[in-house]
Amino acid sequence: MLLPILRRLAEMLFVMFGISVVVFGIFFATPGADPAARIAGRNATPEVLAQVRHSFGFDEPLPVQYVKVMEKLFISRDLTSFVNRGEKVIPAVVESTPVTLSLVFGAAVIWVVFAIIMGMIAAATRGGIPDRLLMFLGLVGISMPVFWVGSVANLITQSRFHHTFLFSWVPGLGYTPLTQNPGMWFKQLVIPWITLAILYIGLYGRVLRANLVEAYQEDFIRTARAKGLSERRIMVRHALRTSLITFVSMFGLDFGALVGGGALLTEVVFNLPGVGRLTYVALQSLDLPFIMATVMYSSFFVVVANAVVDIAYAWLDPRVRDAR
Amino acid sequence: MTIPSKPMLKAESLHKTFKVGSRFRAGGIQHLHALSDVSLEVYPGEIVGLVGESGCGKSTLGRCLLRLYDVDDGRITFKDRDITGLSQRELRPLRADMQMVFQDPYSSLNPRRRVGDLIAEPLRVHGKHSASDVQARLRELMELVNLSPDFLTRFPHEFSGGQRQRIGIARAIALSPSLIVADEPVSALDVSVQAQIVNLFMDLQEKLGLTYVFIAHDLSVVRQIATRTAVMYLGGIVELGETDRVLHRPAHPYTAALISAVPEPDPQGNIKARTILRGEPPSPTNPPSGCRFHTRCPVAEARCSAEVPLLRALGDNRSVACHFPLDGSAAAHA
Amino acid sequence: MPADLMTANPDGTLLDVRDLCVSFRSERGIIRILENVSFTVREREILSIVGESGSGKSMTSLAVMRLITDPNAIITGSITYKGRDLLKLSPKEMRALRGREIAMIFQDPMTAMTPVYTIGWQIEEQLRAHQNLSRRAARARAVELLGEMGVPAPAKAAGRFPHQLSGGLRQRAMIAMALSCNPSLLIADEPTTALDVTVQAQILELLLRLRTDFGSSVMLITHDMGVVATVSDRVMVMYSGIIAERGPKPDVLGGPTHPYTLGLLHSIPPMHGEKPHRLPSIPGSPPAPMGRPAGCPFQPRCEFRMDACASRPPLFRNGMQEASCWLAEKGMPDWAHERAIRAAGEAA
C-alpha cells in the first residue's frame, strides 16, 4: 500500500516540476514577452530597462532565472507583485484560498446532492415525464453561462426584489470569514453556491442518469431483482454504487479545477476575494508573479485531485484495485 | 488415410510467455506461461484437432503456428521454410497460404462493408486477380460455402450466426490456402447450425485438399472432424495421436477425465459413472511443478510433482506426457 | 402468507404454468415471443427446458420470476405457484417470494454478481432481505453455505470479490446465494454454459444434490442435450416460442416424437460408435420472432413437412410424451418409415 502512494507522490512532484517549467517558460522566456519592459512601464529608457533587468535577475541565464524565481516563490516566499510594488504574492494567495474553498466546497455539496437526486429520479422514471422534465432542466442549467446567472441573481436579490421579504436577508456582496461570523459567511455565500452549482447539477445529473440507465442493463441488476430486493435497494446499493465510479472521477477533477481558480467568473460576479478573482486582477494588469503563483497553485490542486481520483477509483472498483 | 512422411507445418518446442500486470503495480509483472515446450507436426491433408479447457494454450498455439504471435523460443517450419524469424513483411506472401477462421465471425467482419467487398479484400490485397476475375471468384466462393451469390451485396448484420461463419470461411479460402487454423469456429453456433458448419469444413477439406488445425473445446466435434488430436493442459500437449485412439483409449489421465466429463445425450444418462475431476486448472502464471496435472490427477504419485513428464511415443502412433499412462484396455471407455 | 397456501398441492405440483404468452409492443407491431406455453414442475423434480437461441426458454424463466421489466411487454396466462397465481401478485408480494421461494441462477456469474461487493456480502444481502438476521449471523450462514457448495476455505472466499474467483467457484457462490433462503424452486438459466467441461460436471453434480440436500425442484434452462441427459427427470423442448415436445427424459431422448427433437439429437456428433460421414443437420437456422413462419414454426426446416403443417398443431399425447406435430397425431412416428414415405413422395 505504501509503495503506490510514494509512487503517486513522486509522480505528482514530477508533474508539478513540469508545469512550473512550462509556466516559467511562457511568462519569462518567451521571445517578445520581456518581463522587464512590463515592469519598467511604457516609454522607459534603455538604462532604466537594463537596471530593472539586472535587479530582477533577467540578465542571467534562464536556468538561473528559473531557480531564482522558484526560490522566491516557494522558499523565501518574498516574490512581489510587479504592479503593486511590495505586495507579496504568496501571502495574497494564501489569504484568498479560504474564500475559494468556501465557495467551491459549498457549491459541491449542493451539486452532488441535487445531481444524485436528479439522476436517480430520472433513471427510475426513464422514458417518463419526470425523466424528460429533469433532463430538460439539466440541459437548461448547462446552457446558462455562470456569469449571466450570477448577474441575474445579483439583479434580483440585490436590487429588484431586495426590499421584498424574499430576499431582504441577502447581505451585500463580499466575503466574511467563517471564523468571524458563520451566519454572515453562509448568507453571503448561499447565492454564489447555487449559481456555481446549477451548471454542475445539470451536467452531473445527466451523466449519472446515463450511467444508471446503463447499469440497469447489467446482469447483476437482474440478479438483485431475483434475490427479492426492493427497487430502492437495487437503485442505491447496486445501480448507483456501480455508477458512482464515473461520477466520482468527474467530481474529483472538477473540484480540483474549481479550487484551483476555475470559479473565477463566480468570484468576480459576486466580488468574492478568492484565488480566481486574484488571477482575474493579475491578468488585467499582466502581473507576472501573481499569474505565475496562481497558475502553480491551480496546477497543484488539479494534480492533487487527479491523485485523489485515482485512489477513489481503486476504492470504488475492486477490479481496478487488483489490476494495479 | 495414408499420412505423407513430410509435415507441411512443423513446430518444435515452442515457448510463449505473456507478461501480465505492471512493474508499477502491486504484485509486479507476472509471467503467464501460455505455451511451454510444445511440438506439433501437421501433415498435408490432415485435420489436427486441438482440445483442452480454457487457458490451456490451444488458441495461443494456433496463433503462434501462423505467426500471429511471436514465439519466445522454438522453431516453426512451414513447407520446409523456417518462418520463426521472418518479419511481418516477409510473411505477407505466405499469408495467402495459411489462413485463420475465428470463433465469432461477426467481430472480425467490418459491419460497414458489403459481404462481397469483405470476401474480395484478400483477393485485392494480394493482387493476383483482375476485376472480372474477382467477381467470378466471389461467385465460386459463395457456391463453395453454400451461400446464394445474391448475398454478396448485403451487410454482415443481415446474416445469422451460421451464415456469418460461412462468410468467414469464404474469406479464409479466397486465396486458396493450403493450411487453415480454425479457432473454435462452431462454439458460438446453435447445435442445429453447428452440424452444418462442421459438414462444410469436412466438404471443403475433401474438395480443396485443405489441411486444418481445428481448435475446439467440444470433444465430440473434434472426434467428428479431426484425424489426429492433441489434448492440451496448462500450456503443454499431454496426449497426441490418432483421434479414435486418443478418445477411445486415452492414455493420459487428463484425457480420460475430460472424456468422462462430456455430457452425452444418452437417454439413460447419469452422473454417477463419471470420473469428476476436483478443482479447476491452476493459474498459468504460477503452474505446478513437475507434471502440471498432478494437482488434479487421480493417479498422481510423488514422482509427478518433481519430474516433468516428456511427451513420449507409446507405439500406436500416439504420444503421451505422463509417468504412469493408463493401460489402454483398462481405460477403454465403456 | 397463510400456512395452507405454502404447502404443496396433493399431486405434488409445485409450479403450474398455463397458456403463458409473452409479447412485446414495438413500432413494427406486436412481437410474439412465447405462445401458449404450459408446463408443470413437481416437487423435487428437475425439469429441463431445452432449445436454441430464440426458442423462448430464457423468456419463460424470466416470466416465471416476473423479471420482464420492459413496459412494452404483454404477459397473459397463469403461473400458479403453490396455489397462487404469480401474475396476480402485487410487486411487493412477488418480491417477498423472489429469492425466498423461487431463486434463480444465471449463465455468467461474472456479470450476474455485482462487481463491487464481496460474494459474502452479496449472500448476506439476500439472507437479510428475507430473514431477520444480524449481520454476523448472516455472514456465518453465508460461509456455511459456501462450504456446503464445495467452495474451499469458505470463510476466506466470502471476503473475495467475484472477479477474484474462478468461473466454477463463482457459479458455486451464485448457487450458494440462490439457496440461502431454502427456496422450493431453483431456476437455473444456462448455469454451466460459461464453464469448462470438467467444471461443468462438478456443477451438474451439485445441482443433482440440491434435490436431496435441500429438497428443491430445479427448472434448468439449457441448449445442451448432454446436460439435459445428465441431470433431468423430464424434458421440455422449445422451438421458436412454442413447446415442440415434452415428456420424461428417457422417452424424449430415446424416442423423440417431434422432428425437431430428432434433428437436434442427430446433429450432435456422437462420442461413441460409428462416425457418420456427414453429420445429419437441420437446414437453415432458427427464425427470429418477427420472421416466425405461419403454422408450425419448424415447418420450413422440417424434412417431414406436409400440407397439414400450414396450420399450427396442438400438443398430441403418446404415452408419457407430447409433441406439437401432426405426425404425432397418428401415434408415435416411426422415423425410418416416415423417411421412406417422404422419399417415395419425392420420387413420384
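Chain letters run A, B, ... following the sequence lines, proteins first, then strands; residues in each count from 1. No experiment lies behind these values; they were computed from the predicted model shown.
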Can you see whether [X] engages [Y] through a side-chain donor-acceptor pair at a distance of less than 3.5 angstrom?
X	Y	answer
B/E53	C/T198	yes
B/Q196	C/S281	no
C/S267	B/Q194	no

Mind ranking [options] by heavy-atom pairs under 4.5 Å with chain B and telling me who comes out on top?
options	value
C/H223, C/H277, C/H266	C/H277
C/G255, C/G254, C/P276	C/P276
C/L195, C/D224, C/L253, C/V252	C/L253
C/S285, C/S232, C/P270	C/P270

Inset, instruction - For C/R292, enumerate each residue passing the side chain to side chain donor-acceptor pair (under 3.5 Å) test, keeping only those at least two apart in sequence or located in another chain. - result: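 Only C/E35, C/S240 meet the side chain to side chain donor-acceptor pair (under 3.5 Å) criterion with C/R292.
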Legend entry - Contacts of B/T255 that satisfy side chain to side chain donor-acceptor pair (under 3.5 Å) - sequence neighbours left out: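 For B/T255, the residues satisfying side chain to side chain donor-acceptor pair (under 3.5 Å) (neighbours in sequence not counted) are B/E239.
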With chain C, which of [options] has the greatest number of heavy-atom pairs at distances under 4.5 Å?
options	result
B/R296, B/Q224, B/M202	B/Q224
B/S220, B/A257, B/P281	B/S220
B/G279, B/S283, B/G55, B/G52	B/G279
B/G162, B/S160, B/S54	B/S54

Please report the closest heavy-atom contact between [X] and [Y], naming both atoms and the distance.
X	Y	answer
C/R301	B/V193	NH2-CG2, 4.4 Å
B/H248	C/H272	CE1-CA, 4.1 Å
B/A195	C/P280	CB-O, 4.0 Å
C/Q202	B/R278	NE2-C, 3.5 Å

Legend entry - Members of residues 241-251 of chain C whose heavy atoms come closer than 4.5 Å to chain B: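 At a heavy-atom separation under 4.5 Å, chain B is reached by C/K249, C/P250.
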Inset, instruction - Applying side chain to side chain donor-acceptor pair (under 3.5 Å), run through B/S192 and C/E52 and close with a yes or a no. - result: CA-CA 8 Å; B/S192 71; C/E52 297 179 289; 2.7 Å; yes
Legend entry - B/E280/C/R170 salt bridge by N-O under 4.0 Å criterion: no
Distance from [X] atom [atom1] to [Y] atom [atom2], nearest 0.5 Å?
X	Y	atom1	atom2	answer
C/L264	B/D190	CG	CG	9.0 Å
C/L279	B/L200	CG	CG	12.0 Å
B/H217	C/D196	NE2	CG	8.0 Å

Inset, instruction - Answer with side chain, backbone, both or neither: which region of B/V198 has an atom nearer than 4.5 Å to a non-hydrogen atom of chain C? - result: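 Contact with chain C is through the side chain of B/V198 alone.
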Legend entry - Qualifying salt bridge (charged side-chain N to carboxylate O under 4.0 Å, His left out) pairs with a residue from residues 253-281 of chain C, counting only residues at least two apart or across chains: B/D203-C/R278, B/D244-C/K275
Inset, instruction - Please assess C/V197 against B/L258 for the test side-chain contact (heavy atoms from CB on, under 4.5 Å), listing each intermediate value before the final yes or no. - result: CA-CA 7 Å; C/V197 65; B/L258 200 58; 3.5 Å; yes
Legend entry - Under 4.5 Å from any heavy atom of chain B - which part of C/V227: both
Inset, instruction - Pick one of side chain, backbone, both or neither for C/L169, based on which atoms fall under 4.5 Å of a heavy atom in chain B. - result: both
